[in-house]
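Structure record follows, encoded as structure tokens.
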Amino acid sequence: MPKTSTRLVDSGTIGAVLAIVFCLAAAVAARHDIYEKTPDYALRQIISSAESGDKTDFFEAVHDKDIAYAAFDSLTRRQQGDAVTAILELAGLPARENFASDIHILWEDALTGSNALDEDGGKAAEAGGILREFGFSVPLKGWYYDSHSFSKSIAAGKAEITVSLYNDRLKATLPCSIIMEKNADSWQITGLTDDIGFLTAVDKAYKKALDTYNKDAVRQMERFVTIGSVNSFLNKDPASGKTFLCLQYAPSFPKGTANIKDILCRYTLRRNADEAVLYETDLHLPAYKDNAVLTSQFLLNPLIPSHQALLAKAGLDDTTGTLKLMSVLLKDGTAIRCAERLPQ
């Protein structure tokens, strides 16, 4: 009787299994090696360096000053158009450098989770002030990484990834598309796909949050005054060569004017196409006859860059003006005010 074999697996089977294992190991190693050379992997490493507060690795991979310069230039072009004069260049360059420097300092503090480099909030105020001059309200602190999409190749050695960022003052998560470029064997963040688009989205979220915060104050002020029939137009005087921006409005006083001491409003003129701020100023409304049409005018100065876009216009058909109540002061000492900034 032949002897029964005690081998569970013959040599051929063992060889096949080992070949499969080696192939899988090689595939995993190759995939790991390939993945480490992708922008997706590089972004994960950048996020890790940010979370650990590693400023050296972070700033080697993130061109923060170039991004700030590009944003400043985009904002200038948006407000002034493509024809940038020598006056604008001279006036704008120091602000451009200061803006990028302030943003870099804020990044450094964010990475360390402190205010060591901006203890008094001066840098945040300066950079935020520049953004407000361009018509954008943007909180420069309180941003946190939430998630990101897969990378999308947009050119040789260049990719786009959408990063979702949460801001604790806005209580909102906003998408920001970044550009990553390959430098040797590493990928670095070199810019934003649409810096104006991102700032616009942040500004809208900020204004929405601020309107909600001010809702009760506005309701109280409108018990005493409302404003209608807001109209803007240009008045050009051929004799003097001067141009005035004119504002017409008709205030209404539901409770009369006897107890009103002062009314402060903010006039803003925006271009319809991109909502760029062309002119903004505060003015005190006279407590005059109910529903009387009043006119205020503002002399435009050709030496002020923000006025140049208006001086070049024949009319204001492509703009929208708003007159917003900011505060009402009553003779009995009652003061009702809108907050201009969200609380920290």
Side-chain angles (χ1 to χ4, degrees), residues 43 45-76 78-79 91-146 163-176 178-179 188-192 195-210 213-214 277 280 306 338-344:
L43 180 59
Q45 294 300 103
I46 293 170
I47 292 168
S48 295
S49 67
E51 290 175 343
S52 64
D54 190 334
K55 294 193 287 186
T56 300
D57 284 354
F58 182 84
F59 287 118
E60 282 181 357
V62 179
H63 297 195
D64 66 298
K65 285 194 173 182
D66 289 339
I67 294 170
Y69 288 142
F72 187 94
D73 294 344
S74 295
L75 290 167
T76 301
R78 177 178 181 267
Q79 187 182 70
L93 285 176
R96 184 177 186 262
E97 291 294 333
N98 292 339
F99 179 70
S101 177
D102 290 343
I103 293 296
H104 181 80
I105 287 172
L106 294 174
W107 268 113
E108 288 198 68
D109 271 354
L111 290 171
T112 57
S114 71
N115 293 316
L117 301 178
D118 189 32
E119 289 183 332
D120 62 355
K123 300 300 181 183
E126 288 175 13
I130 288 175
L131 289 169
R132 283 191 296 276
E133 287 176 6
F134 285 116
F136 290 91
S137 295
V138 177
L140 295 176
K141 296 184 178 182
W143 290 96
Y144 302 92
Y145 165 78
D146 181 75
V163 180
S164 294
L165 302 171
Y166 175 80
N167 185 266
D168 53 11
R169 288 181 71 191
L170 302 180
K171 307 299 182 193
T173 301
L174 299 164
C176 178
I178 61 173
I179 299 295
Q188 300 171 348
I189 299 175
T190 59
L192 305 185
D195 40 25
I196 294 297
F198 175 64
L199 291 173
T200 298
V202 176
D203 181 68
K204 287 182 177 179
Y206 190 99
K207 285 181 169 56
K208 181 179 179 181
L210 187 59
Y213 184 78
N214 283 326
V277 174
E280 187 168 72
S306 59
C338 279
E340 297 193 44
R341 306 280 181 271
L342 287 172
Q344 296 288 348

Relative to each other, are the rings of Phe134 and Phe72 parallel, tilted or perpendicular (30° and 60° limits)?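 Aromatic pair Phe134/Phe72 classed perpendicular.
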
Inter-residue atom distance [X].[atom1] - [Y].[atom2], 0.5 Å rounding:
X: Asn167; Y: Leu140; atom1: CG; atom2: CG; result: 9.5 Å
X: Thr190; Y: Asp64; atom1: OG1; atom2: CG; result: 12.5 Å
X: Leu131; Y: Glu133; atom1: CG; atom2: CD; result: 9.5 Å
X: Ile47; Y: Ser52; atom1: CD1; atom2: OG; result: 12.0 Å
X: Asp54; Y: Gln45; atom1: CG; atom2: CD; result: 10.5 Å
X: Lys55; Y: His104; atom1: NZ; atom2: NE2; result: 7.5 Å

Result of checking Phe59, Phe58, Trp143 against Trp107 for ring pair (Phe, Tyr, Trp, His ring centres under 6.0 Å):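 Among Phe59, Phe58, Trp143, the one meeting ring pair (Phe, Tyr, Trp, His ring centres under 6.0 Å) with Trp107 is Phe58.
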
Checking Leu75 against Ile130 for the side-chain contact (heavy atoms from CB on, under 4.5 Å) test, could you report, in this order, the C-alpha distance in whole Å, the side-chain angles of both residues, the deciding distance, and whether it holds? CA-CA 10 Å; Leu75 290 167; Ile130 288 175; 5.9 Å; no

Residue from Ile179, Ile189, Ile103, Ile178 passing side-chain contact (heavy atoms from CB on, under 4.5 Å) with Ile67: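 With Ile67 as partner, side-chain contact (heavy atoms from CB on, under 4.5 Å) holds for just one option, Ile189.
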
If you compare all heavy atoms of [X] against all heavy atoms of [Y], which two are closest, and at what distance to 0.1 Å?
X: Leu117; Y: Ile105; value: CB-CG2, 3.5 Å
X: Thr173; Y: Ser164; value: CG2-CB, 3.9 Å
X: Ala100; Y: Ala68; value: CA-CB, 3.7 Å
X: Asp168; Y: Lys141; value: OD1-O, 4.5 Å
X: Arg132; Y: Ser137; value: CG-OG, 4.4 Å
X: Pro175; Y: Phe198; value: O-CD1, 3.5 Å

Could you go through the side-chain contact (heavy atoms from CB on, under 4.5 Å) check for Leu199 and Val138 one step at a time? CA-CA 7 Å; Leu199 291 173; Val138 177; 3.9 Å; yes

Between Asp195 and Ser74, does the side chain to side chain donor-acceptor pair (under 3.5 Å) criterion hold? Intermediate values first, please. CA-CA 7 Å; Asp195 40 25; Ser74 295; 3.1 Å; yes

With a 4.5 Å limit on heavy-atom distance, are the side chains of Asp73 and Arg96 in contact?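 SC-SC contact between Asp73 and Arg96 confirmed.
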
Are Tyr213 and Leu342 packed together at the side-chain level, in the sense that at least one heavy-atom pair is separated by less than 4.5 angstrom?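 Yes, at least one pair of side-chain atoms sits under 4.5 Å.
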
Can you confirm whether more than 12 heavy atoms, excluding those of Tyr145, are under 6.0 Å from its OH atom?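 Check passes, neighbour count above 12.
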
So with a 6.0 Å cut-off around NZ of Lys207, is the heavy-atom count from everything else above 12?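 Count over threshold, so yes.
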
Using modelled atom types and a 3.5 Å cut-off, is there a donor and acceptor pairing between side-chain atoms of Asp118 and backbone atoms of Gly122?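 Pair found, side chain donor or acceptor close to backbone of Gly122.
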
Run the side-chain contact (heavy atoms from CB on, under 4.5 Å) check on Val202 and Leu170 step by step: do they pass? CA-CA 9 Å; Val202 176; Leu170 302 180; 4.1 Å; yes

Test side-chain contact (heavy atoms from CB on, under 4.5 Å) on Phe136 and Val277; report intermediate values, then the result. CA-CA 9 Å; Phe136 290 91; Val277 174; over 6 Å; no

